[in-house]
Amino acid sequence: MLTLTLPEPPPGTLELGPCTPDALRNLSAIEVAKLPAHLGNRPVEWGDFLRVEGDAADGTVRLIGDCQRLPRVGAGMASGTLTVEGRAGWHAGAQMTGGELAVIGDAGDWLGAELRGGTIRVTGDAGHLAGASYRGSRHGVRGGFIHIGGDAGDELGLLMRRGTIAVAGKAGAFAGASLIAGTLVLAGGAGPHVGAGAKRGTLLIRGRPTDSPGYRPVGPSAPAYLKLLQRWLTAEGFRGLTPGDVAGALEQWRGDFVHRGLAELWALPV
Amino acid sequence: MQIDGTHIADTFAEAFPMAATRVVVTAESLVWARVAGQAATGYAASVIGCDAEAGIEAELAPDATPDGRPGVSLLLFAFSRDALQKALVNRVAQCVLTCATTACYAGLPRGDRAVRVGGNLRYFADGWQVSKLHGDRRYWRLPTMDGEFLCEDEFGTVKGVAGGNLIALGESQAVALAAAERAVAACRSVPGVIAPFPGGVVRSGSKVGSRYKALKASTNEAYSPTLRAAVPTSLPPGANAAYEVVLDALDLPSMQEAMRRGVRAACGPGVVEVAAGNYGGKLGPVLLHLRQLLGEGA
């Protein structure tokens, strides 16, 4: 296991470059300490800020400390396990294709943006645009699983195409906006305009949707799939959904009829 | 060798490989899960005349199923994976998809020998099907008149074992049947084992071939009590009825354990002998000697 300790937050944004188990797997502690980085626009080395111990030969990396000013930690990761013990900065786990990123703390904006595979677990809150598409891009999450233990910001899962995002707390405005497909579980409820412009996909939200005029009521339904989903999420460590939430029939809507109207939305009991 | 006064014949069954899978069917109630399970495993006694051999392996409590509803697990066996897929797709399509409130899941890890079930059935939804991926497991949701049918995309298969059997020979039909019933219950207590014939019991044990060219199998007159005086008989003195218990298993140890329990359970007052059917050792690569299974010479 490679352990990277950040004794104190850097004075500005510290761009580490690739910080993934894949990129660090074949490097010794000394080589890791000499990796180039940028503090703002000033060239520095990892060792100037991080204490480096061990190696990542087993595909496991621990990053300890307040990493809020370290963007793109775990971005592009394809395998292995990266654990951030402290706050994670912007773009953590963005465009991951595999492996597992665990953040024991909060995460910044663009968490898991355009995720393609693998798993991201955040015990605390996530910022805006988690699992979203980057500006000008056609798709957000295209696979994998994002599990947020706290709240999430606005535009969660924007243009999501596949995969699952589960938020135990409350999501901000425009969660699941322009959803193309995939599954979004908002167990603590959501702000306005949930599922706005969605084409297909599945949304579970706590309470009735507000400000979603493009959705039409279907009536109560109790598909076995919701029970399967609840059990799978629980097995994955998600605590936002209980068996009681999906035990009976839930009110269902279809929308957004400004598009194809094939997205399905269920209201979890409050 | 004797157990509880019953002679254990010095003979063997022949085990041979078959493609096998486990299917988990759930429903809103155990009643409907059973209905689906019974329908899906109907007409599946022997691959001599059916597309597969199948049976209900066990009833499952809600906490043992993927969706937390009551269910049943089914085992299906066929000569090849292609044949297994065809039988499975047809049976799930006609007997599970059609059955009220059901869902259908793979009961074995997918591995590299999977057969596609939900991925074939999805077309029934005529474009309204929805795919969901949980980890590496894909599910298909098909709208139906009571809501939707949920079916896993691919089902794992294994090289299972067929050919296990025992024959209970009793002083009377009633005694032999009671022995067979005890044996079936004991065999079915082993996970991964089914007895695919009606009630787990075969009254028409067969031999290979027939005097009629069209038939692959015909009655085994050597075990027919009513022909005892007319043909060379395999019935020991005092035996006036015989029932066979045929077994399929997901692996050889399960088969061996099932036969061990079955033979022991069959023994008792009035049961003259417990034997086994074989083809002279020419059919299967593994011979299941009754006495070795029970410990003698093991």
Side-chain angles (χ1 to χ4, degrees), chain A residues 98 100 116-119 141-145 147 160-164 166 179-185 199-204 218-238 241-250 252 254 260-264 266, chain B residues 23-30 32-33 36 60-72 92 96-97 99-107 109-110 118 121-122 125-153:
Chain A
E100 179 170 333
R116 292 169 199 167
T119 301
V141 169
R142 278 178 270 179
F145 176 40
H147 166 184
M160 182 174 172
R161 175 67 183 82
R162 289 192 196 91
T164 304
L179 188 70
I180 301 168
T183 304
L184 210 54
V185 178
K199 290 180 179 174
R200 292 179 293 150
T202 303
L203 293 143
L204 267 80
V218 170
S221 64
Y225 173 69
L226 296 185
K227 296 178 173 67
L228 178 77
L229 177 66
Q230 186 275 326
R231 288 174 74 87
W232 176 65
L233 289 174
T234 300
E236 288 288 323
F238 183 70
L241 273 185
T242 65
D245 284 334
V246 294
L250 303 181
Q252 186 187 350
R254 282 271 177 198
R260 299 181 66 189
L262 292 180
E264 53 191 359
W266 275 282
Chain B
V23 176
V24 174
V25 176
T26 66
E28 282 300 310
S29 69
L30 184 57
W32 281 106
L60 303 174
D63 59 3
T65 67
D67 60 21
R69 304 189 301 167
V72 293
V92 173
V96 184
L97 161 65
C99 184
T101 77
T102 57
C104 190
Y105 306 99
R110 193 173 55 180
L121 296 179
R122 66 179 155 140
D126 200 25
W128 298 100
Q129 64 270 28
V130 173
S131 159
K132 291 292 176 188
L133 192 63
H134 292 179
D136 62 351
R137 299 178 76 161
R138 183 175 297 284
Y139 303 89
W140 289 98
R141 298 167 53 200
L142 285 60
T144 58
M145 287 162 50
D146 69 348
E148 66 179 34
F149 173 61
L150 178 63
C151 188
E152 193 156 351
D153 186 53

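Each chain gets a letter, A, B and so on, in the order its sequence line appears, and its residues count up from 1.
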Relative to chain B, which segment of [X] carries a heavy atom at a distance below 4.5 Å: side chain, backbone, both, or neither?
{"X": "A:Glu264", "value": "side chain"}
{"X": "A:Leu262", "value": "side chain"}
{"X": "A:Ser221", "value": "neither"}
{"X": "A:Thr119", "value": "neither"}

Whether over 12 other heavy atoms sit under 6.0 Å from B:Trp32 CH2: no
For the student: nearest non-hydrogen atoms of A:Ala224 and B:Tyr105, plus distance: CB-OH, 4.4 Å
Relative to chain A, which segment of [X] carries a heavy atom at a distance below 4.5 Å: side chain, backbone, both, or neither?
{"X": "B:Phe149", "answer": "neither"}
{"X": "B:Leu150", "answer": "side chain"}
{"X": "B:Thr65", "answer": "backbone"}
{"X": "B:Pro143", "answer": "neither"}

Parallel, tilted or perpendicular: ring planes of A:Tyr225 versus B:His134, cut at 30 and 60 degrees: tilted
Option that, when pairs with chain B are counted at under 4.5 Å, heavy atom only, ranks first among A:Glu236, A:Arg231, A:Gln230, A:Arg200: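 The option with the most such pairs is A:Arg231.
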Option that, when pairs with chain A are counted at under 4.5 Å, heavy atom only, ranks first among B:Glu28, B:Lys132, B:Glu148, B:Arg69: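 Looking at each of B:Glu28, B:Lys132, B:Glu148, B:Arg69 in turn, B:Lys132 comes out on top.
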Interatomic spacing from CZ in A:Phe145 to CG in B:Leu133 - rounded to 0.5 Å: 12.5 Å
Partner of B:Asp67 under side-chain contact (heavy atoms from CB on, under 4.5 Å), chosen from A:Leu229, A:Leu228, A:Leu226: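 Of the listed options, the one satisfying the test is A:Leu228.
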B:Arg141 and A:Thr202, any side-chain heavy atoms less than 4.5 Å apart: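 Yes - at least one pair of side-chain heavy atoms lies under 4.5 Å apart.
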